[in-house]
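Input: a single structure, listed below in C-alpha cells.
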Amino acid sequence: MLVLGINALFHDPSAALVVDGRTVAAAEEERFSRRKHGKRPVPFSAWELPEQAAAWCLADAGVEPSDLDAVAYSFDPALARPADEMGLHDPWDHLRRTYAWAAPQFLATALPGLDPAAVRFVRHHVAHAASAGLAAPDRTSSVLVLDGRGEATSHLAGRYVDGRLEMLAGQALPHSLGLLYEDVTQHLGFLRSSDEYKVMAMASYGRPRFLDELREAVRTTGDGGFRTDPVDWGRLAKPLAPGEQWEADHADLAASVQVRLEEVLLELAGWLYEQTGDRTLTLAGGVALNCVANTRIFAESPFEQVWVQPAAGDAGTALGAALHVARTGGEDPEPMPGADLGRGWSDERIEAELRRAQVRYDRPADIAAEVAECLARNGIVAWFQGRSEYGPRALGHRSLLAHPGFQQNLERLNDVKGREQFRPVAPMVLAGRAGEIFGRGPVPSPYMLFVHDVDPGWRERIPAVVHVDGTARIQTVDPGQEPLVATMLERFEGLTGLPVVVNTSLNTAGRPMVDSPVDALECFGSAPVDLLAIGPFAVRRCPGGHA
Ligand SMILES: [Fe+2]
C-alpha cells in the first residue's frame with residue numbers, strides 16, 4: 001500500500017511516503033523552498049501545500065501520483081468548529097476549514113494524476129500520536145500529544161496496543177499548553193510558533209519567581225486534562241519588542257512558565273501511567289520539542305522509557321497521518337528507521353556541483369580523519385553527509401561542527417549563525433562514552449530531545465557545550481547507525497582525548513537548514529567556515545584553519 005502523508009494546515013508543511021508500512025521518505029517543504037518554516041503560520045496561508053516535498057517523496061520512490069492508494073492529510077475539517085465557539089480569537093480561522101475541505105482538489109492540482117477521492121482526512125492529534133506510537137520501536141506504548149491546537153483540542157492522551165490507538169483523554173480548546181508557551185514567546189519579543197526554544201534557553205538564566213501565579217492559572221483537572229486560564233503577562237514582566245534587550249524579570253518569567261509546564265506535564269504523564277501501567281511513553285506535538293521538560297518526564301515520571309518523535313512539531317504529522325492510514329488499511333507499520341529521511345546525493349552528483357561551481361576541492365583518503373584534524377586545530381567544519389534530517393535538529397547529516405574545548409567557540413558559532421549569545425550549542429558524543437560524561441537524561445539519545453547534566457569533571461574540558469545551568473542537549477552517536485560520524489568522533493578523540501564534538505545545524509541566520517549541495521556551497525561561501533566536508537570531498541577556505 002502506497003500512502004503519501006501531507007501536513008499543510010498550521011505550521012511547517014511537510015510530506016512523507018510510507019510504502020507497505022515502511023517509512024521511505026519524509027521532508028519539510030522549507031528545505032526545498034528555502035523559506036524558513038515553509039510559510040507563515042496564519043489562516044490565509046492554510047491553502048499552501050508542501051508541493052516540492054511531496055513531489056520529491058514520490059520521485060525518490062519512483063511513484064506516480066496515480067499509483068497512490070491514499071493521501072493522508074493531517075487535519076479533519078469535520079471536527080473543527082468556529083473559533084469563537086472554541087474560545088479562540090481569530091477572525092480568519094474559518095479559512096482553515098474552507099481550505100482543508102478544498103485540499104483534495106488542491107492536491108490533485110499540485111500532483112497531476114492524483115484522484116481527489118484518495119485523500120483521507122486524519123484528526124490532527126491522531127496524526128501526531130501515530131508519529132510517536134507507530135514510529136517508535138516499542139509496539140505497545142502510552143502516548144501523549146502536547147500541542148498548540150488541532151481541530152478543537154490541544155492534546156491527546158492514549159495508548160497504542162499492537163498498533164491500535166485507544167484514546168483516553170483530550171483537552172478541548174481554548175485550554176492549550178502549546179498556545180500558552182507561544183503567548184509567552186511573543187511577549188518576550190520572539191516569533192511565536194517558531195522561537196519557543198529561545199524561551200526554554202532563557203529560562204536557565206532566571207528564577208521561577210512567578211510560579212505561584214502560574215500554578216493558579218495552569219493546572220491539571222484530574223481527568224487527564226488541564227486548564228490554562230489567561231495570564232496577564234505584562235503585570236509580571238514588560239513586553240519586549242523584537243531584538244530588545246531582556247532583563248532579569250524576563251528570564252524569571254521564562255523560568256516560571258518553563259517550570260510550571262514541566263510540573264503539569266509530569267502530572268499528565270502520571271495520570272496516563274495510572275491508566276495504562278505501560279513501560280514506555282511516546283511523545284509528539286510541538287511541546288514535545290521542549291527537551292528540558294522531556295528530561296524531567298524521563299527522570300521523574302513512572303515510565304521507564306520515553307521516546308520522542310524527532311519531528312515532534314507539525315512536520316511530523318505528515319508521517320503520522322500516513323502511518324495511521326496505512327495501519328487502518330490493514331498494514332502493520334514498521335518503526336521509523338531514523339531521522340535521515342530527506343534528500344541524499346550520490347558522490348557523482350556532488351562532484352558535478354563542485355565542478356559547476358568551479359571551487360577547488362580534493363578527495364582525501366579519509367574524510368572523517370580530515371575533519372577531525374581540522375576540528376582539532378580549532379577549525380569550523382560544515383558537514384554534509386547522507387540524507388538530510390526530518391525535523392528541526394541537525395543529527396550529523398547537515399551539521400556545523402567545532403572543537404568543544406574552547407569556550408569562545410560558543411560565541412564563534414552563534415556569530416556564524418547570527419544567533420543570540422544566550423543560546424547554547426550542543427554536543428554529539430560517542431554512544432559508548434556518553435554515560436561517563438553526561439548524566440540524568442536517557443542514553444542513548446540519538447535525536448537530541450533531552451538535556452543531560454554534564455559531569456563536573458568534564459565541564460572544564462568541554463566548556464563550549466555546557467549551558468549556564470551545567471546541562472547539555474546531547475546527541476549520542478551509535479557506530480552501527482552512524483558509522484561515518486562515529487569514525488570522525490573516534491579520530492577526534494584520538495587527537496584531543498575528547499569523544500565529543502560541537503554540533504549545530506548547518507544554516508545561517510533566518511534560513512532553513514542546508515539540504516542540497518548548492519545550499520551547502522552557498523552557506524560555505526557566505527560564512528567563516530574552514531572546511532566543507534561534502535560526501536567524500538573537502539572544500540577548504542584556508543588550509544590549516546585557525547591553528
Ligand atoms: Fe500540531
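In listed order, ligands and their atoms are each counted from 1. Position 1 is the first residue of the sequence; numbering continues from there.
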N/O/S of His125 less than 2.8 Å from the Fe ion (ligand 1)? no
Identify whether the distance between the nearest side-chain nitrogen and carboxylate oxygen of Asp519 and Arg511 falls below 4.0 Å. no
Are the side chain of Glu28 and the backbone N or O of Gly391 linked by a donor-acceptor pair below 3.5 Å? yes
With Phe75, which residues qualify under ring-ring contact (aromatic ring centres under 6.0 Å, His included), at least two apart? Phe10
In His124, which N, O or S atom comes closest to the Fe ion (ligand 1)? NE2
Reference residue Asp515; test salt bridge (charged side-chain N to carboxylate O under 4.0 Å, His left out); the match among Arg343, Arg34, Arg387: Arg343
Carboxylate-amine/guanidinium proximity below 4.0 Å for Arg398 and Glu389: no
Would you give the angle at the Fe ion (ligand 1) between Asp314 atom OD1 and Asp147 atom OD2, to the nearest 10°? 170°
Near the Fe ion (ligand 1), is there an N/O/S atom from His11 that is less than 2.8 Å away? no
Which atom name does His128 have for its N/O/S atom nearest to the Fe ion (ligand 1)? NE2
